[in-house]
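Step one of this worksheet: look at the structure below.
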Amino acid sequence: MNPALFEAALKRITRLFGEDATGHDVHHTLRVYRMAMRIAESEGADRELVGLAAMLHDADDPKLFGGGDGLPNARAFMEEQGISPAQAEAICMIIGEVSFSKNGAKRPSTLEGLVVQDADRLDAIGAIGIARTFAFGGNRGQALHDPDRDTGTSIAHFHEKLLKLKNLMNTDEARRIAEERHRYMEAFLAEFHAEWNGIR
Ligand code: ADP
Ligand code: NI
């Protein structure tokens, strides 16, 4: 992706995210960007669309910036940068379609959307995914685990969402990466429960 545009986007999201501790820091976005570019390469997706959509994919996250579907932060940035209205529209469509919470299991309608969604989902699993889950849970004040509850704890979140993501990957490259990260999470959960139950 164009280096000047990348730098401008980085500056903007750094300002927007500030000191957020819910897992939507600038580093999440940069990991998603790098992963999306890697998957775009192997899938032959449009790298400009994927790059900019990845950089802006959480710039209007309702958990940080309140409601509204208009993506005002992403749109304002692209207008300032002289992105054409058609290109901006395509990027907003990608961003709108990648969100798990908004779209459930619905698949994005473009290759670029599929790629960015995979990159975003990959960042929710594996070692980083584990760390983000407990950071999110701590920020919310929820328990690590409660053997009597299958919702509302960080361990419950693995079963509610994270362990399902492997089978929801859109691209072959993401599926390969997800397999490994999935195994790592299963090993973590086995160890967690063994320690919890005093077996190890
Ligand atoms: P994104 O928008 O990047 O897909 P989310 O906003 O859904 O991610 O969540 C941010 C991070 O917090 C992710 O790693 C996600 O797995 C984690 N998370 C979301 N909901 C919960 C929850 N109820 N308990 C623990 N972790 C959560
Ligand atoms: Ni994200």
Could you tell me whether E186 and R181 make a salt bridge, using a distance below 4.0 angstrom between a side-chain N and a carboxylate O? no

So with a 6.0 Å cut-off around CG of N2, is the heavy-atom count from everything else above 12? yes

Determine whether F134 and I125 fall in the same hydrophobic cluster, where Ile, Leu, Val, Met, Phe, Trp and Tyr are linked whenever their side-chain heavy atoms lie under 4.5 Å apart. yes

With the side chain counted from C-beta on, respond yes when C92 and M78 share a heavy-atom pair under 4.5 Å apart, and no when they do not. yes

Where is the tightest heavy-atom contact between R121 and L168, given as atom of each residue plus distance? NH1-O, 3.1 Å

Would you say that more than 12 heavy atoms from the other residues, nucleotides or ligands in this model lie under 6.0 Å from the CZ of F192, or not? yes

Looking at R38 and E41, does any basic side-chain N land under 4.0 Å from a carboxylate oxygen? no

Quick one: does any side-chain atom of H182 pair with a main-chain N or O of E179 as donor and acceptor, under 3.5 Å? no

Enter the distance from I155:CD1 to T133:OG1 here, rounded to the nearest 0.5 Å. 9.0 Å

State yes or no: do V98 and I128 share one hydrophobic cluster built from I, L, V, M, F, W and Y residues joined by side-chain heavy-atom distances below 4.5 Å, directly or via other members? no

Any E80 side-chain heavy atom under 4.5 Å of R12 side chain: yes

Are the side chains of T29 and F17 in touch, meaning some heavy atoms are under 4.5 Å apart? yes

Stepwise side-chain contact (heavy atoms from CB on, under 4.5 Å) test for M169 and I177: CA-CA 10 Å; M169 293 296 157; I177 300 166; over 6 Å; no

Determine, stepwise, if the pair L10 / L30 fulfils side-chain contact (heavy atoms from CB on, under 4.5 Å). CA-CA 8 Å; L10 179 57; L30 286 173; 3.9 Å; yes

Taking CD in E180 as the centre, count heavy atoms belonging to other residues, nucleotides or ligands within less than 6.0 Å. Is the count above 12? no

Nearest 0.5 angstrom please: L5 CG to F77 CZ, how far? 5.0 Å

Kindly compute the distance separating CG (D146) from OG1 (T153), expressed to the nearest 0.5 Å. 7.0 Å

Show, in sequence, the C-alpha distance, side-chain angles and deciding distance for H57 and D120, and conclude whether the side-chain contact (heavy atoms from CB on, under 4.5 Å) test is met. CA-CA 9 Å; H57 84 277; D120 195 28; 3.1 Å; yes

For A190 and R200, which heavy atoms make the closest approach, and how far apart are they? O-NH2, 4.3 Å

Reported OH-to-CG distance for the pair Y33 and L52, which is rounded to 0.5 angstrom: 9.5 Å

With a 3.5 Å distance limit and no angle check, can you tell me whether D60 reaches the backbone of A74 through a side-chain donor-acceptor pair? yes

Check whether N73 reaches the backbone of A59 with its side chain - one donor and one acceptor, N or O, closer than 3.5 Å. yes

Short question: side chain of N197, backbone of H193 - any donor-acceptor pair under 3.5 Å? yes

Hydrophobic cluster membership, I130 vs L163, 4.5 Å side-chain cutoff: yes

So, does R75 use its side chain to make a donor-acceptor pair with the main chain of G70 at under 3.5 Å? yes

Hey, could you give me the CD1/CE distance between I91 and M93, rounded to the nearest 0.5 Å? 11.5 Å

Using a distance-only test with no angle check, is there a side-chain donor-acceptor pair under 3.5 angstrom linking D150 and H159? no

Would you say Q117 and E97 make side-chain contact, with heavy atoms under 4.5 Å? no

Spell out, as yes or no, whether a donor-acceptor pair under 3.5 Å connects the side chain of R47 to the backbone of A40. no

Look at the side chain of D118 and the backbone N and O of A174, then say whether any donor-acceptor pair between them is shorter than 3.5 Å. no

With distance as the sole test, does D25 use its side chain to make a donor-acceptor pair with the main-chain N or O of H28 at under 3.5 Å? yes

Could you tell me whether R175 and D172 make a salt bridge, using a distance below 4.0 angstrom between a side-chain N and a carboxylate O? yes

Looking at the rings of H145 and H157, which for Trp means the six-membered one, are their centres under 6.0 Å apart? no

Would a single hydrophobic cluster contain both L122 and V116, if residues Ile, Leu, Val, Met, Phe, Trp and Tyr are joined by side-chain heavy-atom contacts under 4.5 Å? yes

Linking I/L/V/M/F/W/Y whenever their side-chain heavy atoms sit closer than 4.5 Å, directly or via other members, would M37 and L49 fall into one cluster? yes

Is any side-chain heavy atom of K11 less than 4.5 Å from a side-chain heavy atom of E7? no

Would you indicate whether the side-chain heavy atoms of I39 and N170 approach each other to under 4.5 Å? no

Given side chains that start at C-beta, do those of S154 and F136 come closer than 4.5 Å, heavy atoms only? no

Restricting to non-hydrogen atoms, name the atom on A36 and the atom on A54 that form the minimum distance, rounded to 0.1 Å. CB-CB, 4.1 Å

So which atom in V115 and which in A45 form the shortest heavy-atom distance, rounded to 0.1 Å? CG2-CB, 4.0 Å

Output the distance between atom CG (D46) and atom CD1 (I94), rounded to the nearest 0.5 Å. 8.0 Å

How far apart are the closest heavy atoms of E173 and R176, and which atoms are they? OE1-NH2, 2.9 Å

